[in-house]
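Structure record follows, encoded as structure tokens.
Throughout, numbering of the chain's residues begins at 1 and tracks the sequence. Start at 1 and go down the list; that is how both ligands and their atoms are numbered. Being a predicted model, the structure only gives us computed values, none of them experimental.
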Amino acid sequence: QGGHFSWDKYLKETGASAAPAHCFRQGATPPVNEFKAGMKLEAQDPRNTTSTCIATVVGLTGSRLRLRLDGSDNKNDFWRLVDSSEIQPIGNCEKNAGMLQPPLGFRLNASSWPMFLLKTLNGAEMAPARIFHKQEPPAPEQNSFQVGMKLEAVDRKNPHFICPATVGALRGVEVLVTFDGWRGAFDYYCRYDSRDIFPVGWCSLTGDNLQPPGTKAVLPKTLGCLSDGSEGTAMHPMPGQPPGQRGRKPGRRKAKLTGPWGQKGA
Ligand code: MLY
């Protein structure tokens with residue numbers, strides 16, 4: 001295991017600065033997470049955002065919920081902040097004269113949806129309305145990120161990971177999120193008010209596990225941003241996966257390591 005990543009040391013050593021909190025659409029302090037595994041709620045289907053579906057909390061990490069749509073498979077889990085406007089208590093859809101929909105990829109015949117809905121809600125533990133947050137934090141008025149600023153960002157290809165990142169470019173209301181120590185394979189553009197980007201220090205407040213930069217054999221010994229002086233590990237095999245098969249899907253390009261610490265012998 002790598003050591004604990006220290007932003008303090010990393011910022012000093014890279015000479016970079018953290019994007020100020022006012023750049024982000026996040027609360028001044030991370031929202032309290034009172035959800036529990038097994039609770040059900042209403043969520044927008046991420047693959048079909050006009051549908052409101054029933055979702056079950058299958059995991060919790062910091063201020064985020066790992067959600068699975070009832071009637072879907074276990075390959076399409078998604079993560080939401082507890083203060084997201086895309087999650088609501090059960091009953092909200094009906095209250096607004098909406099209809100709960102089967103998820104995209106509903107396992108059963110569409111005609112069995114009404115009965116499925118009845119059964120999935122019968123005896124279910126519904127997340128109580130009081131643990132939802134009244135409002136999503138407001139979006140900042142404008143994109144005030146600057147190229148080079150550091151932040152914490154969800155790896156959208158591996159959304160359970162939050163990783164150290166740098167603003168690589170700006171494009172109107174969009175920000176290019178680049179992941180430190182990886183050569184572009186995970187980078188993405190998002191709106192400046194995306195809920196997937198966080199100020200430096202966010203994970204240490206929520207208890208989320210911030211991944212160290214991708215750095216196998218590339219951190220110079222002098223770059224001691226891992227507090228135990230270890231070089232860290234570039235790959236983060238999923239627990240239980242044998243080494244050598246680290247969850248890379250066939251056909252997907254191997255991520256290359258990069259960064260100022262990325263030059264061999266640097
Ligand atoms: N084992 C995967 C995970 C890569 C994660 C990269 N993130 C943290 C930027 C792979 O190597 O593809």
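Annotation: salt bridge (charged side-chain N to carboxylate O under 4.0 Å, His left out) contacts involving residues 81-99, sequence neighbours excluded, comprise R80-E86, D83-R195.
Those atoms of ligand 1 that come under 4.0 Å of a heavy atom in N158, given as number and element, are 5 (C). Residue contact check: W182 has heavy atoms under 4.0 Å from atoms 4 (C), 6 (C), 9 (C) of ligand 1.
Put simply, part of C163 is less than 4.0 Å from ligand 1, judged by heavy atoms.
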- prompt: Under the ring-ring contact (aromatic ring centres under 6.0 Å, His included) criterion, do F24 and F198 qualify, and how do the steps go?
  reply: CA-CA 7 Å; F24 297 86; F198 309 94; 7.8 Å; no
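Close N/O approach between D155 and ligand 1 is found [any backbone or side-chain N/O within under 3.5 Å].
When only modelled atom types and interatomic distance are considered, D180 and T166 share a side-chain donor-acceptor pair under 3.5 Å.
In this view, F116 and F106, W113 satisfy the ring-ring contact (aromatic ring centres under 6.0 Å, His included) rule, not counting sequence neighbours.
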